[in-house]
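As C-alpha cells, the structure follows; a few thoughts come after it.
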Amino acid sequence: MSNFFQQDNPLFRFMGRFFDLMHINLLFILTSIPLFTIGASLSASYSICLKIINNEEPSITKEYFKAFKLNFKQATIIWLSLLFGLCFFGYDLYIIYCVIDPKYLFIQVPVWIIIALLVSIFIYSFPQIGRFESTTKNIVKNSILISLSNLPVTIFYVVIHLILYYLTFVEYKNIIIAFSLVIFFGFAAIIYFFSIFFNRIFDKIQG
C-alpha cells in the first residue's frame with residue numbers, strides 16, 4: 001500500500017504531468033489573448049515542454065515568463081511575418097481558384113511551394129527558439145532544412161492538425177467538445193506531444 005503513495009508511482013507521475021499541462025495551457029491562453037503574442041507564447045510553451053521531457057522539472061510559471069520575455073521580440077517578428085505571408089498567399093490561392101480563368105491554374109504550383117515553406121518555418125521555428133539561442137536568419141534557414149530532412153515528422157504534424165480540424169468542425173457538438181479540451185489542456189498537450197519528436201531531432205543535430 002505504501003508503494004502507491006511513492007512519487008515514482010506511474011499514476012502519480014501521470015497525474016503530475018497532466019496538471020503540468022493544464023498549468024502550461026492556462027499560461028499559453030492568457031499570454032496569447034492579444035494574438036500578436038502567440039509566437040512568444042508558443043516558444044515559451046515549447047521551452048517548458050522540452051525541459052520537462054529532458055527531466056529538468058522547471059518551475060513552470062517562472063520559467064515560462066522568463067522564456068516569454070527573453071524570446072518575445074524574435075518570436076513575434078517570426079509569428080507576424082508568417083501570419084502575413086500565409087494570409088497573403090492564401091488569398092492568392094483564392095484568386096487562382098475562384099476568380100481567374102481555370103487555364104491559369106498552373107500558377108498555383110509556386111504559391112503552394114511558398115506556403116509549404118512557410119508552414120515548415122512555423123512548425124520548427126518556435127521549438128528552436130524555445131531551446132536554442134540563434135539569429136532569426138538561422139532559425140528560418142534551419143527550420144526549412146530540418147523540415148526537409150525530417151519529412152515524415154513534418155507530414156505527420158500537418159496531418160494530425162488537419163485531422164483535428166476536421167473532427168472539430170465535422171459536427172456542431174464536436175466544436176463544444178474541442179473547445180472544452182482546448183481550454184483545459186489541449187494546446188499544451190499538442191505542444192508536449194510534438195516536443196517529444198522535436199527533442200529527438202534537436203538531440204540528433206547537436207550530437
Taking CD in Glu133 as the centre, count heavy atoms belonging to other residues, nucleotides or ligands within less than 6.0 Å. Is the count above 12? no

Nearest heavy atoms of Ile29 and Ile183, plus distance in Å: CD1-O, 3.7 Å

Hydrophobic cluster identity match, Phe193 and Phe122, side-chain contacts under 4.5 Å: yes

Indicate every side-chain donor-acceptor pair of residues 87-104 with a distance under 3.5 Å to a residue at least two apart or in another chain.
unit_1 : atom_1 : unit_2 : atom_2 : d
Tyr97  : OH     : Gln108 : OE1    : 2.2
Tyr97  : OH     : Trp112 : NE1    : 3.2
Asp101 : OD1    : Lys103 : N      : 2.9

Let me check something: do Val153 and Leu117 share a hydrophobic cluster, defined by ILVMFWY side-chain heavy atoms less than 4.5 Å apart, either directly or through other members? yes

For the OG1 atom of Thr136 and the CD1 atom of Ile129, what is their distance to the nearest 0.5 Å? 7.0 Å

dist Asp20:CG -> Met15:CE (nearest 0.5 Å) comes out at 11.0 Å

Donor-acceptor check, side chain of Asn174 to backbone of Phe169, threshold 3.5 angstrom: yes or no? no

How are the rings of Phe194 and Phe156 set to each other: parallel, tilted or perpendicular (split at 30° and 60°)? tilted

Leu80 with Ile114, same ILVMFWY side-chain cluster at under 4.5 Å: yes

Go through the side-chain N and O atoms of Tyr64 and Thr31 and say whether any donor and acceptor fall under 3.5 Å apart. yes

Which pair of non-hydrogen atoms, one from Cys49 and one from Ser195, has the smallest distance, and what is that distance? CB-OG, 3.5 Å

For the backbone of Gln74 and the side chain of Trp79, can you confirm whether one donor and one acceptor N or O come within less than 3.5 Å of each other? no

Under 6.0 Å between ring centres: does that hold for Phe28 and Phe187? yes

All heavy atoms of Pro34 vs all of Leu30, minimum pair found to be CD-O, 4.3 Å

Could you check whether atom CZ of Phe132 has more than 12 heavy atoms from other residues, nucleotides or ligands sitting under 6.0 Å from it? yes

Arg200/Asp203 salt bridge by N-O under 4.0 Å criterion: no

How many angstroms lie between atom CG of Leu167 and atom CD1 of Ile177, to the nearest 0.5 angstrom? 10.5 Å

Set out, in order, the CA-CA distance, both residues' side-chain angles and the distance that settles side chain to side chain donor-acceptor pair (under 3.5 Å) for Tyr124 and Thr154, then state yes or no. CA-CA 9 Å; Tyr124 292 101; Thr154 306; 2.8 Å; yes

Counting N and O atoms only, with roles assigned by atom type, does the side chain of Ser125 sit under 3.5 Å from a partner on the main chain of Ile121, one being a donor and the other an acceptor? yes

Treating Gln128 as the side-chain partner and Ile139 as the backbone partner, does any N or O pair qualify as donor plus acceptor under 3.5 Å? yes

May I ask you to test the Ser43-Phe72 pair for a side-chain heavy-atom distance under 4.5 Å? no

Has Ser47 got a side-chain atom pairing as donor or acceptor with Gly130's backbone, closer than 3.5 angstrom? yes

Strictly distance-based, threshold 3.5 Å: is any side-chain N or O of Ser149 a donor or acceptor partner for the main-chain N or O of Ile146? yes

Could you check whether any side-chain heavy atom of Thr76 comes within less than 4.5 Å of a side-chain heavy atom of Thr37, counting everything from C-beta outward? no

From CZ (Phe197) to CD1 (Ile123), nearest 0.5 Å: 12.5 Å

Would the distance check show the side chain of Asn25 and the main-chain N or O of Leu21 forming a donor-acceptor pair, the cut-off being under 3.5 Å? no

Flag the pair Leu83 / Phe36 as yes when at least one side-chain heavy-atom distance between them is below 4.5 Å, and no otherwise. no

Out of curiosity, does Phe202 fall in the hydrophobic cluster containing Leu148 (side-chain heavy atoms, cut-off under 4.5 Å, transitive links)? yes

Are the side chain of Asn71 and the backbone N or O of Ala67 linked by a donor-acceptor pair below 3.5 Å? yes

Using ring centroids (six-membered ring only for Trp), state whether His161 and Tyr157 fall under 6.0 Å. yes

Side chains of Asn199 and Arg131 in contact at under 4.5 Å (non-hydrogen atoms): yes

Kindly determine whether Phe19 and His23 satisfy ring-ring contact (aromatic ring centres under 6.0 Å, His included), including the steps that lead there. CA-CA 6 Å; Phe19 286 119; His23 190 172; over 10 Å; no

Measure the spacing between CD1 of Ile175 and CZ of Phe179 and express it to the nearest 0.5 Å. 11.5 Å

pair Thr61-Leu27: side-chain heavy atoms closer than 4.5 Å: yes

Side-chain heavy atoms nearer than 4.5 Å, only ILVMFWY residues, links allowed to pass through others: does that put Leu26 and Leu42 together? no

Could you check whether any side-chain N or O of Ser32 sits under 3.5 Å from a backbone N or O of Leu35, counting only pairs where one atom can act as donor and the other as acceptor? no

From Ile53 atom CD1 to Ile196 atom CD1, the distance as rounded to the nearest 0.5 Å: 5.0 Å

